[in-house]
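Within every chain, numbering begins at 1; the chains are lettered A, B, ... in the order of the sequence lines, protein sequences first and strands thereafter.
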There are 2 protein chains.
Amino acid sequence: MLESTARSTEHREPAITRRHVTAKPIDAHEPWMRGLHADTGYLLYRLGLRSGQLFNACLQESGLRLRHYAVLRYLATTDGALQRELSTRLGYDPSAIVGLVDDLEKLGFAERRPSPDDRRSRIVVLTESGSDFLRDTDEAGLRVTGELLGPLDPAEREALHALLLRIAEDGLN
Amino acid sequence: MLESTARSTEHREPAITRRHVTAKPIDAHEPWMRGLHADTGYLLYRLGLRSGQLFNACLQESGLRLRHYAVLRYLATTDGALQRELSTRLGYDPSAIVGLVDDLEKLGFAERRPSPDDRRSRIVVLTESGSDFLRDTDEAGLRVTGELLGPLDPAEREALHALLLRIAEDGLN
DNA sequence: AACAACTATTGACGTCAACAATTATTGCTC
DNA sequence: GAGCAATAATTGTTGACGTCAATAGTTGTT
């Protein structure tokens, strides 16, 4: 149990009991929301789920899912990547990459090419139609994001994006 | 994700022989990262996954997961809720609520009580030990959030939280 | 030549979320 | 007041997903 709450001394915070989160200038309009979404981490989790669902729903008509889209976008940035690279960079298991690239190849969006210097590796490249698809769905992606970030004005969206990017810099990937 | 540092079996010796692997620290300002995380929705998705994993890892020792924690926190705010209410408010399927409340009941953190006015409904209430557990894990949750939001200073965290809350208000939930 | 490490791949196992179907109960309606 | 749609909780199923183990082919080392 957590009774021994891992009292590991964190390098920050002078360990004064300020657990009951001090003044919250956040105006949660509904009472239950204050309690539920008081924690930013949990908020991120919930919003991430919702965002993923929206994206998946948007990609559904094309037969792909968010993970395929991630692979495509990565390929678009590097123009040729080893599967191992996709695995480490995107955070998916190598076995997952196999299926994803299979699907993309089946749709003609990507190709596996033999590596000239190492016959173990396969270089995955984005095809023309894959690039077209990416361009087409980019608009849909923006639409989804717009829907998600509905109540925010452009400046706020920019600020949010910057903040999230700062976090992503740190630990993600 | 993130290779997960195979902590299960010891026979996986960490070989440090790097070949042409680009194992340098990832910087969000690299072009591929810009391409990948250019979309706020996708960024939210990735960060949400990471946040959920951190929370789950933190709760793991207590046998609970993030969803259980969400139920507990909601119960703490309303002091008695129908399962249907938990479903709609937390966004989980009614069938999921069943298992979650089962687990919480098994641990003594919550109780199902018959509703006096509607024999179909069950009122789920937080028990004393459930309340204690919440108080104990609150600190751990803040620690996780702190870790997640590492590169942000307090003002920025506050701003991020406010922005996310605005989004959460809007959509489902 | 023998051996360790690496890449891609397959398969097994457990988890989790979304959907359909079932049971018990309620409220409406004719 | 008997039938009937709607609702609350539950069960079962299916598909996606992550993790791990194992294998075949390949590379570099000694």
Side-chain angles (χ1 to χ4, degrees), chain A residues 45-46 48-50 52-57 59-60 63-71 81-88 90-103 105 110 112-124, chain B residues 1-21 23 45-46 48-50 52-53 55-57 59-60 63-68 70-71 81-103 105 110 112-124 172:
Chain A
Y45 164 71
R46 293 298 304 276
L49 273 186
R50 175 161 173 76
Q53 285 170 350
L54 283 177
F55 260 94
N56 272 326
L59 289 170
Q60 191 174 2
L64 294 182
R65 267 158 285 135
L66 194 48
R67 332 179 95 221
H68 300 97
Y69 190 63
V71 172
L82 284 71
Q83 297 187 195
R84 177 71 184 168
E85 186 183 355
L86 290 172
S87 170
T88 57
L90 295 176
Y92 299 144
D93 195 80
S95 57
I97 301 291
V98 175
L100 292 177
V101 178
D102 281 350
D103 296 339
E105 223 171 13
R112 271 185 248 242
R113 293 182 187 167
S115 173
D117 55 331
D118 190 336
R119 282 190 298 180
R120 291 174 298 185
S121 307
R122 312 268 182 98
I123 298 181
V124 187
Chain B
M1 72 167 61
L2 195 54
E3 277 297 290
S4 74
T5 64
R7 64 180 62 241
S8 58
T9 56
E10 263 70 16
H11 79 282
R12 180 164 179 77
E13 194 170 345
I16 53 177
T17 63
R18 72 175 188 277
R19 310 221 49 76
H20 46 70
V21 184
Y45 165 72
R46 294 299 300 273
L49 276 185
R50 175 162 175 74
Q53 285 171 350
F55 261 95
N56 274 326
L59 290 168
Q60 190 176 4
L64 295 181
R65 316 220 176 133
L66 194 46
R67 323 180 105 220
H68 300 97
V71 172
L82 284 71
Q83 298 187 195
R84 176 69 183 168
E85 186 183 356
L86 290 171
S87 171
T88 57
R89 279 287 155 83
L90 296 176
Y92 299 147
D93 195 81
S95 57
I97 302 292
V98 176
L100 292 177
V101 177
D102 280 350
D103 296 340
E105 223 171 12
R112 271 185 248 244
R113 293 182 187 168
S115 174
D117 54 331
D118 190 336
R119 281 188 302 180
R120 292 174 296 183
S121 308
R122 312 268 183 98
I123 298 181
V124 187
L172 187 103

Nearest-angstrom distance from the residue atom CG of B:L100 to P of D:dT11: 13 Å
Length of the CG-P vector between B:L90 and C:dA18, whole Å: 13 Å
Presence of B:R112 side-chain N/O under 4.0 Å of D:dT10 phosphate oxygens OP1/OP2: yes
B:L66 CG to C:dT15 P, straight-line distance once rounded to whole Å: 17 Å
From D:dT26, C:dT25, D:dT10, nucleotide with atom closest to A:D118 side chain: D:dT26
Between C:dA18 (P) and B:R67 (CZ): distance, integer Å: 7 Å
Validation row: A:F55, B:Y45 side chains within 4.5 angstrom (heavy atoms): no
Donor-acceptor contact present, side-chain A:S115 to main-chain A:R122, <3.5 Å: no
Among D:dA9, D:dT19, C:dA8, the one nearest A:R84 by side-chain distance: C:dA8
Residue met sooner reading DNA chain D from 5', once A:N56 and A:S95 are mapped to nucleotides: A:N56
Protein-nucleotide distance (A:F55, atom CZ; C:dA17, atom C1'), rounded to Å: 20 Å
Pairwise side-chain contact, B:R84 with B:P94, heavy-atom cut-off 4.5 Å (strictly under): yes
Min side-chain heavy-atom separation B:L59-B:H68 under 4.5 Å: no
Nucleotide nearest B:Q83 when distance is taken to its side chain, options C:dT25, D:dA9, C:dT9: D:dA9
Minimum-distance nucleotide (side-chain atoms of A:R65 versus D:dA9, D:dT26, D:dC17): D:dC17
Length of the line joining A:R122:CZ and D:dG25:C1', which is rounded to integer Å: 10 Å
Nearest-angstrom distance from the residue atom CD of B:E105 to C1' of D:dA9: 13 Å
Nucleotide C:dA8, atom P - distance to OH of A:Y92 in whole Å: 17 Å
Spacing of CG belonging to A:D117 relative to CD1 belonging to A:I123, to within rounding of 0.5 Å: 7.0 Å
Under-3.5 Å donor-acceptor pair between B:R120 side chain and D:dT7 base: yes
5'-most by nearest nucleotide on DNA chain C - A:L49 or A:I97: A:I97
